[in-house]
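Not measured: the values here are computed from a predicted model.
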Amino acid sequence: MESDLLFEVLTPLGFRVRVTRERWQLITSAKHPVMAGREAIVKATLENPDQIRASRSDAEVLLFYHADGSSRWVCAVAKRAAEQGFLITAYPTDAIKEGTQIWPK
């Protein structure tokens with residue numbers, strides 16, 4: 001449902017990632033409450049990441065990293081399906097996970 005769309009961004013890899021209000025609510029209430037109110041940094045992470053890595057467990061899942069301070073990162077995890085994608089989750093981290101780097105800045 002279009003009215004449920006919170007935001008949609010174009011990634012540097014040429015596909016769009018959609019984030020619904022329902023998905024964002026799940027992320028910020030159940031998975032990573034620390035991300036509540038941080039929609040802007042998640043958008044920036046997807047649009048202008050410092051690094052994009054492929055998931056080791058699923059080739060269609062990409063991890064977008066954006067520096068958030070001196071030793072912290074925001075990681076936005078998105079699943080790509082053709083030219084469309086959706087946000088799986090987003091969280092702060094102090095380390096970039098292993099996986100093939102597919103997009104350097």
Side-chain angles (χ1 to χ4, degrees):
M1 196 157 81
E2 287 301 315
S3 63
D4 189 43
L5 188 65
L6 181 63
F7 64 84
E8 181 178 69
V9 297
L10 181 63
T11 71
L13 299 177
F15 72 97
R16 296 188 168 280
V17 173
R18 296 169 60 87
V19 181
T20 64
R21 292 179 196 286
E22 183 180 13
R23 171 51 81 180
W24 188 251
Q25 178 63 33
L26 176 69
I27 292 167
T28 58
S29 64
K31 293 181 171 193
H32 303 286
V34 69
M35 294 306 291
R38 303 202 67 203
E39 297 90 340
I41 189 70
V42 173
K43 276 179 79 168
T45 299
L46 291 165
E47 287 177 313
N48 188 26
D50 293 309
Q51 245 185 70
I52 302 172
R53 291 186 172 257
S55 166
R56 291 188 306 166
S57 57
D58 184 339
E60 292 182 341
V61 173
L62 301 169
L63 290 77
F64 292 74
Y65 289 94
H66 187 76
D68 188 27
S70 59
S71 62
R72 299 286 288 172
W73 301 86
V74 168
C75 180
V77 183
K79 179 147 185 154
R80 180 179 187 169
E83 300 308 307
Q84 193 65 34
F86 64 91
L87 186 69
I88 295 172
T89 192
Y91 55 89
T93 182
D94 55 7
I96 290 179
K97 290 191 173 31
E98 288 182 34
T100 306
Q101 182 172 324
I102 59 169
W103 191 83
K105 192 166 185 179

Enquirer: Please list all pairs passing the ring-ring contact (aromatic ring centres under 6.0 Å, His included) test where one or both residues lie in residues 39-59, with sequence neighbours left out.
Expert: none
Enquirer: Rounded at 0.5 Å granularity, tell me how far OG in S71 sits from CG in D94.
Expert: 7.0 Å
Enquirer: Atom CG in N48, atom CG in D50: separation rounded to 0.5 Å?
Expert: 7.0 Å
Enquirer: Determine yes or no for a side-chain-to-main-chain donor-acceptor pair under 3.5 angstrom, with R53 supplying the side chain and G99 the backbone.
Expert: yes
Enquirer: Between atom NE2 of H66 and atom CZ of R72, what is the distance when rounded to the nearest 0.5 Å?
Expert: 14.5 Å
Enquirer: Examine L26 and F7 and state if one hydrophobic cluster contains both, with Ile, Leu, Val, Met, Phe, Trp and Tyr joined whenever side-chain heavy atoms are less than 4.5 Å apart.
Expert: no
Enquirer: Atom CD in Q25, atom CG in L6: separation rounded to 0.5 Å?
Expert: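 Reported value, rounded in 0.5 Å steps: 10.5 Å.
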Enquirer: Counting C-beta onward and ignoring hydrogens, is there a side-chain heavy-atom pair between F64 and V42 closer than 4.5 Å?
Expert: no
Enquirer: Is it the case that atom CD in Q84 sees more than 12 heavy atoms from other parts of the structure closer than 6.0 Å?
Expert: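 More than 12 heavy atoms, drawn from other residues, nucleotides or ligands, come within 6.0 Å of this atom.
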Enquirer: Please round to the nearest 0.5 Å and tell me the distance separating atom OG of S55 and atom NZ of K97.
Expert: 10.0 Å
Enquirer: Measuring from atom OG1 of T28 to atom CE of M35, what distance do you get when rounded to the nearest 0.5 angstrom?
Expert: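 Result: 9.5 Å between the selected atoms.
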Enquirer: Can you pull the salt bridge (charged side-chain N to carboxylate O under 4.0 Å, His left out) pairs that have at least one residue in residues 23-44, sequence neighbours excluded?
Expert: R38-D68
Enquirer: Would you say T93's side chain and A95's backbone share a donor-acceptor pair under 3.5 angstrom?
Expert: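 At least one qualifying donor-acceptor pair exists.
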Enquirer: Under the 4.5 Å side-chain heavy-atom rule for ILVMFWY, direct or indirect, which residues accompany W73?
Expert: V61, L63, Y65, V77, F86, I88, Y91, I96
Enquirer: Given T11 and R16, is the side-chain contact (heavy atoms from CB on, under 4.5 Å) satisfied, shown in steps?
Expert: CA-CA 6 Å; T11 71; R16 296 188 168 280; over 6 Å; no
Enquirer: Take I27 and L87, measure what side-chain contact (heavy atoms from CB on, under 4.5 Å) needs, and give me the verdict at the end.
Expert: CA-CA 10 Å; I27 292 167; L87 186 69; 3.7 Å; yes
Enquirer: Quick test of your reading of the model: are E8 and R18 salt-bridged, counting only N-O distances below 4.0 Å?
Expert: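 Yes, E8 and R18 are salt-bridged.
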Enquirer: How far apart are the closest heavy atoms of A54 and L62, and which atoms are they?
Expert: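 Taking A54 first and L62 second, the nearest heavy atoms are CA-CD2, 4.0 Å.
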Enquirer: Go through I102 and L13 one step at a time and tell me if the side-chain contact (heavy atoms from CB on, under 4.5 Å) criterion holds.
Expert: CA-CA 9 Å; I102 59 169; L13 299 177; 3.9 Å; yes
Enquirer: Provide the closest heavy-atom pair for D58 versus K79 in the form atom of the first, atom of the second, distance.
Expert: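 Between these two residues, the closest heavy atoms are OD2-NZ, 2.9 Å.
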Enquirer: Taking all heavy atoms of P49 and all of I52, pick out the closest pair and write down the distance.
Expert: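 Residues P49 and I52, closest heavy atoms: CG-CG1, 3.6 Å.
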